[in-house]
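Contents: one structure, followed by commentary.
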Amino acid sequence: MSLHTPINAPLGNTEFMSGYLDALALVERLHRLLLDVIKDEFERVGVLEINAVQALLLFNIGDNEVTAGELKTRGYYQGSNVSYNLKKLVEMGYMHHQRCEIDRRSVRVRLTEKGRNIRDIVSGLFERHAEGLKGKGVLGDDGIDRITASLRRVERYWTDQIRYIY
């Protein structure tokens with residue numbers, strides 16, 4: 001039994017609940033670790049003015065032109081977090097911004113050359129990691145496909161809980 005297992009968990013469900021809580025903790029740790037890995041890469045290459053969350057934001061925007069609302073609806077970021085980071089990235093010259101012609105309240109953003117350079121650093125890091133995971137036998141095509149499929153099912157389940165339960 002895990003330390004995370006609730007005392008009042010039904011007896012038949014204790015093992016599953018323990019595994020579920022361990023999986024949730026792992027997802028949280030992996031996200032924090034991903035941010036640390038990106039931070040370490042930026043320190044290594046001497047890019048110190050941008051944080052890992054901002055770097056991931058640039059990576060996820062890529063070659064697209066988007067609004068903060070579109071990033072939120074894609075599920076990447078929370079509202080105030082994305083607005084704050086977009087503002088900072090524009091101020092630091094990593095992104096262009098422009099008011100929408102139709103809805104003047106909405107601002108569209110896209111990467112500048114400086115932003116594309118950051119995106120490329122993150123992309124290169126991820127490519128090296130993918131090669132390392134596969135090359136060292138940590139994960140193969142089948143393993144990554146199974147992990148991704150399982151995580152997508154959990155994502156759909158959680159999304160359904162938000163949409164239909166509350």
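Everything quoted here is computed from the prediction, not taken from an experiment. Reckoned from all heavy atoms, side chains included, excluding hydrogens, waters and symmetry mates.
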Is the ring pair Y20/F16 parallel, tilted or perpendicular, if the boundaries are 30 and 60 degrees?
parallel

Applying side-chain contact (heavy atoms from CB on, under 4.5 Å), run through Q54 and M95 and close with a yes or a no.
CA-CA 11 Å; Q54 292 165 339; M95 302 186 81; over 6 Å; no

Could I get the full list of side chain to side chain donor-acceptor pair (under 3.5 Å) partners for T159, not counting sequence neighbours?
none

side-chain contact (heavy atoms from CB on, under 4.5 Å) between T14 and M17: does it pass, once the steps are laid out?
CA-CA 5 Å; T14 303; M17 184 63 175; 5.8 Å; no

For a side-chain contact (heavy atoms from CB on, under 4.5 Å) check, start with the C-alpha distance between R116 and D63, then their side-chain angles and the critical distance, and finish with the verdict.
CA-CA 8 Å; R116 287 190 296 276; D63 291 326; 4.3 Å; yes

Please evaluate residues K134 and D141 with respect to the criterion salt bridge (Lys or Arg N to Asp or Glu O under 4.0 Å), reporting the C-alpha separation (whole Å), side-chain torsions for both, the decisive distance (0.1 Å), and the verdict.
CA-CA 8 Å; K134 196 169 183 181; D141 292 335; 3.0 Å; yes

Taking it one step at a time, do E49 and Y94 satisfy side-chain contact (heavy atoms from CB on, under 4.5 Å)?
CA-CA 11 Å; E49 71 176 350; Y94 290 100; 2.5 Å; yes

Enter the distance from L111:CG to D120:CG here, rounded to the nearest 0.5 Å.
9.5 Å

Does a salt bridge link K136 with E131, judged by any charged N lying under 4.0 Å from a carboxylate O?
no

Among I50, V122, N51, V82, side-chain contact (heavy atoms from CB on, under 4.5 Å) partner for L57:
V82

Over 12 foreign heavy atoms within 6.0 Å of NE2, H96
yes

same_hphob_cluster(V53, V27) at 4.5 Å side-chain heavy-atom cutoff
no

Return the set of residues passing side chain to side chain contact (heavy atoms under 4.5 Å, CB included) with E28 (not counting sequence neighbours), or none when no residue passes.
R32

Side-chain heavy atoms nearer than 4.5 Å, only ILVMFWY residues, links allowed to pass through others: does that put I144 and V37 together?
no

May I ask you to say whether D142 pairs ionically with R146, meaning some side-chain N is under 4.0 Å from a carboxylate O?
yes

Taking side chain to side chain contact (heavy atoms under 4.5 Å, CB included) as the definition, give me every residue that meets it alongside S150, ordered by chain and number, with sequence neighbours left out.
R153

Closest contact, heavy atoms only, A55 versus I38
CB-CG2, 4.0 Å

R119/E113 ion pair, N-O < 4.0 Å:
no

Are V47 and L125 linked, directly or through other ILVMFWY residues, by side chains that come within less than 4.5 angstrom of each other?
yes

Looking at residues at least two apart in the chain, or sitting in another chain, which of them share a side chain to side chain contact (heavy atoms under 4.5 Å, CB included) with Q98?
R110

Can you name the residues that form a side chain to side chain donor-acceptor pair (under 3.5 Å) with K88, not counting sequence neighbours?
none

Sub-3.5 Å donor-acceptor pair from the side chain of N60 to the main-chain atoms of L56, do we have one?
yes

Tell me, which pairs form a ring-ring contact (aromatic ring centres under 6.0 Å, His included) where one or both residues lie in residues 133-163, sequence neighbours left out?
none

Treat each ILVMFWY residue as a node, draw an edge where side-chain heavy atoms are under 4.5 Å apart, and state whether L86 and M92 are in one component.
yes

Please name the pair of heavy atoms, one in K114 and one in G93, separated by the smallest distance, quoted to 0.1 Å.
CB-O, 3.6 Å

